[in-house]
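As structure tokens, the structure follows; a few thoughts come after it.
Heavy atoms only: backbone and side chains are in, while hydrogens, waters and symmetry mates are out. Per chain, numbering begins at 1; letters A, B, ... match sequence-line order.
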Protein chains: 2
Amino acid sequence: MKGRGVAVDVAAFTIDGGALRVLLEERPAQGGWQLPGSAVAAAESPGDAARRILEARFGPRAPYHEQLYTFGEPGRGPISVAYFAVVPRGRAPQGLSWKPVQVPLAFDHGEILAEAVERLHTKTEYSTLPLRFLEEPFTLSEVQAVYEVLLERPLDKRNFRRKMLALEALRQVQGRRRSGAHRPARLFRLSPDRPYLLKERGILFPF
Amino acid sequence: MKGRGVAVDVAAFTIDGGALRVLLEERPAQGGWQLPGSAVAAAESPGDAARRILEARFGPRAPYHEQLYTFGEPGRGPISVAYFAVVPRGRAPQGLSWKPVQVPLAFDHGEILAEAVERLHTKTEYSTLPLRFLEEPFTLSEVQAVYEVLLERPLDKRNFRRKMLALEALRQVQGRRRSGAHRPARLFRLSPDRPYLLKERGILFPF
DNA sequence: CCAAAAGTGTTGGCGTTACACCCATGG
DNA sequence: CCATGGGTGTAACGCCAACACTTTTGG
């Protein structure tokens with residue numbers, strides 16, 4: 001079989017300081033910032049390679065990730081299967097930085113990043129993917145804060161809570177978070193049976 | 001760059017006889033029916049290869065298609081970038097057949113097909129992708145029939161028309177279709193500015 | 001007792017569904 | 001004039017967005 005090799009690039013996001021950030025590595029020789037990536041070995045699938053890349057950075061429990069899109073313009077070098085990942089807030093791994101999503105990238109990585117950001121926004125509208133930005137257990141206020149960053153607008157607290165709880169995507173756990181001079185907050189985890197919920201009914205034809 | 005080659009496989013759908021059908025080729029030597037595909041040449045992108053495959057079957061105006069998912073389990077052979085396509089009703093090209101989507105396929109093509117069918121159903125809920133099943137110009141009754149096959153339930157004619165027209169995805173064109181002993185039907189095309197409409201607002205957070 | 005975040009219900013408006021009859025044509 | 005599919009309006013209901021105050025705690 002002739003043709004080009006296959007690589008995997010990962011756009012890993014986190015939310016910190018009220019802003020969406022993406023995990024980048026700096027390669028000054030190659031024109032600045034780029035997404036972490038790797039060639040796909042002969043004995044692994046692209047999904048295996050993505051998990052390997054994430055485990056190398058975040059340890060054996062790789063964060064949530066899914067395949068995004070495959071890029072392969074001729075002249076690009078390898079064909080790249082892009083993944084995007086959602087990572088709870090934390091320090092950037094060795095040699096990498098969490099950067100605002102507006103930074104210009106090397107190669108065509110800006111295009112990959114733009115696609116990943118768009119997918120993230122789309123899924124925010126109709127799934128519980130954003131819960132993956134939080135370390136468990138988390139409070140409802142933390143969930144709301146994540147959604148407010150992603151949607152770029154404030155949300156009504158009562159409506160938000162009613163709707164989020166109605167999804168049955170959360171399971172309350174024992175204990176409360178005390179964090180200052182105010183009432184402690186209930187704690188939640190992802191509901192084990194619905195770790196990643198898409199709204200079933202569509203918009204066009206709910207009748 | 002080491003690793004495996006890259007191929008493209010296409011799941012092309014049409015609606016005929018009130019049922020969803022997929023374009024398959026029979027290779028008795030390799031265990032029955034399979035999706036049309038091809039290796040990706042060194043000088044082309046996967047998208048180029050998909051278009052090439054479709055043009056070889058349907059002529060220089062390739063039907064609507066989009067990238068679906070990239071499959072690459074080790075031991076699979078080449079890594080395959082799968083596309084799905086939506087084709088207006090018509091005769092199957094030389095050497096190929098329109099088959100019901102339940103037929104068992106060779107290799108892992110059944111998995112690819114299942115993914116494509118799912119994507120098609122998802123997009124039916126919140127986009128005007130199903131309009132691509134129709135040759136232009138078409139009538140509103142034809143549009144409704146397509147949606148009824150995809151959604152597998154009858155739809156109310158008045159509600160359907162109101163909603164479809166409200167999307168402003170259609171443009172009425174001159175002329176009427178006369179097809180028997182009844183009132184002739186108005187004709188429509190895809191609105192040129194919105195050839196492929198996704199509903200903007202989501203379900204979870206429209207407030 | 002003060003500050004700060006957690007927590008909680010109701011109402012009005014709008015969008016969606018349910019529903020039945022007349023129209024235009026060909027034979 | 002009859003059969004066939006094309007074409008049209010309204011009313012009841014349910015869901016969603018808007019909105020403000022009380023509770024619990026730490027200092």
Dump every N/O contact between nucleotides 20-24 of chain C and the protein below 3.5 Å, one line per pair.
residue, atom, partner, partner atom, Å
dA20(C), N1, Arg158(B), NH1, 3.3
dC23(C), O4', Arg183(B), NH1, 3.3
dA24(C), N3, Arg183(B), N, 3.0

Pairs under 3.5 Å (N/O, protein and nucleotides 10-15 of chain D):
residue, atom, partner, partner atom, Å
dT10(D), O4, Arg162(B), NH2, 3.0

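OP1 and OP2 of dA5(C) both lie 4.0 Å or more from every side-chain N or O belonging to Ser141(A). Here Arg177(A) does not reach the OP1 or OP2 of dT25(D): none of its side-chain N or O atoms lies under 4.0 Å away. Residue Arg178(A) has no polar side-chain atom (N or O) positioned under 4.0 Å from OP1 or OP2 of dG27(D).
Panel note: side chain Glu115(B), backbone Ile112(B); no donor-acceptor pair is recorded below 3.5 Å. Judged by distance alone, the side chain of Ser97(A) and the main-chain N or O of Lys99(A) form no donor-acceptor pair under 3.5 Å. Between the side chain of Arg176(A) and the main chain of Pro184(A), a donor-acceptor pair closer than 3.5 Å is present. When atom types are taken as modelled, the side chain of Ser45(A) and the backbone of Asp48(A) share a donor-acceptor pair closer than 3.5 angstrom.
Atom CZ of Arg176(B) is separated from atom P of dT4(D) by 21 Å (rounded to the nearest Å). Here the C1' atom of nucleotide dC19(C) and the CZ atom of Phe160(B) are 18 Å apart, to the nearest Å. The distance between atom CD of Glu142(B) and atom P of dG7(D), rounded to the nearest whole Å, is 11 Å. Regarding Arg186(B), its CZ atom lies at a distance of 19 Å from the P atom of dG5(D), rounded to whole Å. Atom pair Arg161(A):CZ and dC19(D):C1' shows a separation of 16 Å (rounding to whole Å applied). Met164(A) has its CE atom 15 Å from the P atom of dA6(C), to the nearest Å. The CG atom of Leu165(A) sits 12 Å away from the C1' atom of dT8(C) (whole-angstrom rounding). Regarding Leu140(A), its CG atom lies at a distance of 16 Å from the P atom of dA5(C), rounded to whole Å.
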- Task: Could you check Tyr83(B) against Leu68(B) for side-chain contact (heavy atoms from CB on, under 4.5 Å), going step by step and ending with a plain yes or no?
- Result: CA-CA 5 Å; Tyr83(B) 282 73; Leu68(B) 174 63; 5.7 Å; no
- Query: Does the pair Val143(A) and Phe133(A) meet the rule for a side-chain contact (heavy atoms from CB on, under 4.5 Å), with working shown?
  - Reply: CA-CA 9 Å; Val143(A) 177; Phe133(A) 281 107; over 6 Å; no
- Task: Apply the test side-chain contact (heavy atoms from CB on, under 4.5 Å) to residues Glu25(A) and Arg57(A): give CA-CA distance (whole Å), side-chain angles for both, the deciding distance (0.1 Å), then the verdict.
- Result: CA-CA 12 Å; Glu25(A) 57 188 53; Arg57(A) 269 76 173 182; 3.3 Å; yes
- Task: Start with the C-alpha distance between Arg186(A) and Thr139(A), add both sets of side-chain angles, then the distance that settles side chain to side chain donor-acceptor pair (under 3.5 Å), and finish with yes or no.
- Result: CA-CA 6 Å; Arg186(A) 290 140 72 197; Thr139(A) 70; over 6 Å; no
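Between Phe138(B) and Phe188(B), the gap from one ring centroid to the other reaches at least 6.0 Å.
Contact record, Val87(A) with Thr14(A): O-OG1, 2.7 Å, taken as the closest heavy-atom pair.
Considering only heavy atoms from C-beta on, Phe84(A) stays 4.5 Å or farther from Leu113(A) through its side chain.
Computed from C1' positions of five pairs at each end, the angle between the two local axes of the helix from dC1(C)-dG27(D) to dG27(C)-dC1(D) equals 0°, rounded to 10 degrees.
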